[in-house]
Amino acid sequence: MNEKRGSLHLLTGAVIGILIGLLVSLVLLPIQYTDTEPYSLKESDRAVYREVIARAYLVEADTMRALARLALLQDANPGGALVEQAQTLLASGEKELEARALALLAAAVNQPVMVITPLAVVLPSANPEVTTTTTAPALKTTITPTEILATRTPAATITPRPTFTPQPTQGAPYDLLEQSTICDPEIKEPLIQIFVVDAAGNPVPGVKVEISQPNGGAETFYTGLYPEISLGYADYTMTQGMTYNLRVGEAGQLVLNLSIPACEDKEGKDYPGSIRLDYQQPK
Amino acid sequence: MHKNRLVGFIIAIVVGIAAGLIYGWVINPAGVKNTSLESLRDDYKADYVLMVAESYASDSNLPGAVERLEALSNSDAITAVQQALITAQQMGYSNIELQYMAVLEKAIAAMGQE
């Protein structure tokens, strides 16, 4: 009996020690990695990485390069992740440009042949001092050419720069072609549905939509957040008793006094309807 | 006798801790996940800096660019750009891309001198 107790205290000590060791090595002080790849980033840094990719996409207008960079994150649903992040930014009311960029990139995920006009940039001077901070010893000691070539990734592929033009994507105004009331009991919330197409009739993502209320308060959102409906689609949920003014594009005409239309079902009961606005760029 | 049992118990705990650490750090370490931008490989960092530099070229938002760069290099934006320039040169980035990065580096350096 005494011998059994003797071995039990050793066993108990070993189990306690192993648990402490595992807690420290796997949870409290896990191994720190270096030279990692983007797919391993924590969620907050993944969001930053997506944002940077989207911002660069606006400047480069190189869809394939942006998609290659995005692929490095190995998101299960890249478009969905971009849309979700764009909506979060819009809801927070911050980083409007980033939200637009993310929405555009989400549209590009679903339509890789999509072409956007790059943002205007301040071109670097003709002869910058590129080598002033990159001394030869530093090159030799920190990075060897073979190492870099071996680890070159699609994200770093050098592609021809687009030609920079001064026109932003949303320069041209959009005309309201049609405003219609939608009475569909299947639509659970009263929506303002916006469909934007270009002069050729192709849906246009990333178009700014401003909605305001006569008594103050304004919100901004963009087409392209619901590519499963249309790349040129956006919607807004109306509140009972409120009226709204809406503008599509930077210089579009203001549509006044939009409010929830009353619809009637088969039994004669009223229910809130929705509004559809169709916009097109003039030819 | 009681003292011997206590010593044995402590030794068992120490051996157990050692075994747990070896398992967690050597045999079966935690997977590569939840890493930070700072731990990215140099070529990814260079591409990241390029993207930030291109954005800066379009919006001239230096504080925003610095904020994004500080995540790469322990709150040292200028070092992040300089290291990226070295990598970019070795990787054969185009001249215009190097120029974007150099302009950003120059702007950050000027900001630091103010």
Side-chain angles (χ1 to χ4, degrees), chain A residues 6 9-26 30-38 40-42 45 48-49 52-53 55-56 58-60 69 72 97 119-125 128-130 133-134 138-139 142-143 145 148-149 151-153 155-156 158 161, chain B residues 5 8-25 29-30 32-37 39-44 46-48 50-52 54-55 57-60 68 71 81-83 85-87 89-103 105-106:
Chain A
H9 82 273
L10 291 177
L11 185 64
T12 306
V15 169
I16 291 172
I18 289 172
L19 290 177
I20 293 171
L22 290 177
L23 182 71
V24 170
S25 63
L26 295 177
I31 196 163
Q32 296 294 314
Y33 290 94
T34 57
D35 293 340
T36 59
E37 299 190 32
S40 65
L41 290 172
K42 59 189 172 193
D45 282 0
V48 173
Y49 204 85
V52 170
I53 293 171
R55 289 290 307 271
L58 290 185
V59 177
E60 296 178 345
R69 283 166 166 159
L72 295 171
L97 181 64
L119 286 178
V121 297
V122 178
L123 288 171
S125 59
E129 297 294 327
V130 174
T133 59
T134 57
L139 290 176
T142 57
I143 297 157
I148 293 303
L149 288 173
T151 58
R152 188 73 187 264
T153 63
I158 308 301
R161 303 293 87 223
Chain B
R5 286 170 60 85
F9 181 68
I10 292 171
I11 290 174
I13 288 179
V14 171
V15 170
I17 289 174
L21 293 178
I22 290 171
Y23 181 83
W25 283 341
V32 186
K33 59 183 180 182
N34 293 327
T35 60
S36 65
L37 288 165
S39 69
L40 283 177
R41 214 168 58 199
D42 283 343
D43 53 343
Y44 293 119
D47 193 44
Y48 180 97
L50 171 62
M51 291 189 280
V52 173
E54 288 175 333
S55 298
S58 74
D59 64 11
S60 301
R68 293 185 181 95
V81 182
Q82 289 171 348
Q83 185 61 42
L85 269 167
I86 296 171
T87 308
Q89 284 184 321
Q90 286 296 309
M91 294 182 70
Y93 275 39
S94 70
N95 195 39
I96 187 80
E97 288 170 330
L98 293 173
Q99 287 178 12
Y100 280 127
M101 295 162 79
V103 167
E105 188 226 357
K106 199 173 173 181

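Throughout, protein chains are lettered first and strands after them, A, B, ... in sequence-line order, and every chain is numbered starting at 1.
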Problem set entry | Pairs of heavy atoms under 4.5 Å with chain B: top-ranked of A:Leu22, A:Leu41, A:Ile31 | A:Leu41

Check residues 11-23 of chain B and write down every donor-acceptor pair under 3.5 Å in which the side-chain atom is one partner and the other belongs to a residue at least two apart or another chain.
from    : atom 1 : to      : atom 2 : distance (Å)
B:Tyr23 : OH     : B:Asn28 : ND2    : 3.1

For this session: Supply the atom-to-atom distance A:Leu11 CG to B:Phe9 CZ, rounded to the nearest 0.5 angstrom.
Result: 10.5 Å

Exercise. Rounded to the nearest 0.5 Å, how far does CD of B:Glu54 lie from CE of B:Met101?
Worked result: 9.5 Å

Problem set entry | Among the listed options A:Asp35, A:Leu23, A:Thr36, the residue most often paired with chain B at heavy-atom distances under 4.5 Å | A:Thr36

Problem set entry | Closest-packed option against chain B by number of heavy-atom pairs under 4.5 Å, given A:Ser25, A:Pro30, A:Ala14, A:Pro38 | A:Ser25

Seminar exercise, completed: Bottom line for A:Ile53: the part with an atom under 4.5 Å from chain B's heavy atoms is both

Problem set entry | Atom pair CE (B:Met51) and CZ (A:Arg69), whose distance is rounded to the nearest 0.5 Å | 4.5 Å

Problem set entry | Region of A:Ile16 in contact with chain B, defined by heavy-atom distances below 4.5 Å | side chain

Seminar exercise, completed: Residue set satisfying side chain to side chain contact (heavy atoms under 4.5 Å, CB included) with A:Lys42, at least two apart, ordered chain then number -> A:Ser44, A:Asp45, B:Asn34, B:Ser36

Problem set entry | Contact winner vs chain A - B:Gly24, B:Pro29, B:Ser39, heavy-atom pairs under 4.5 Å | B:Ser39

Exercise. Out of A:Leu97, A:Leu26, A:Leu19, A:Val15, which one racks up the most heavy-atom pairs below 4.5 Å with chain B?
Worked result: A:Leu26

Seminar exercise, completed: Rounded to the nearest 0.5 Å, the CE atom of B:Met91 sits from the CG atom of B:Asp42 at a distance of 9.5 Å

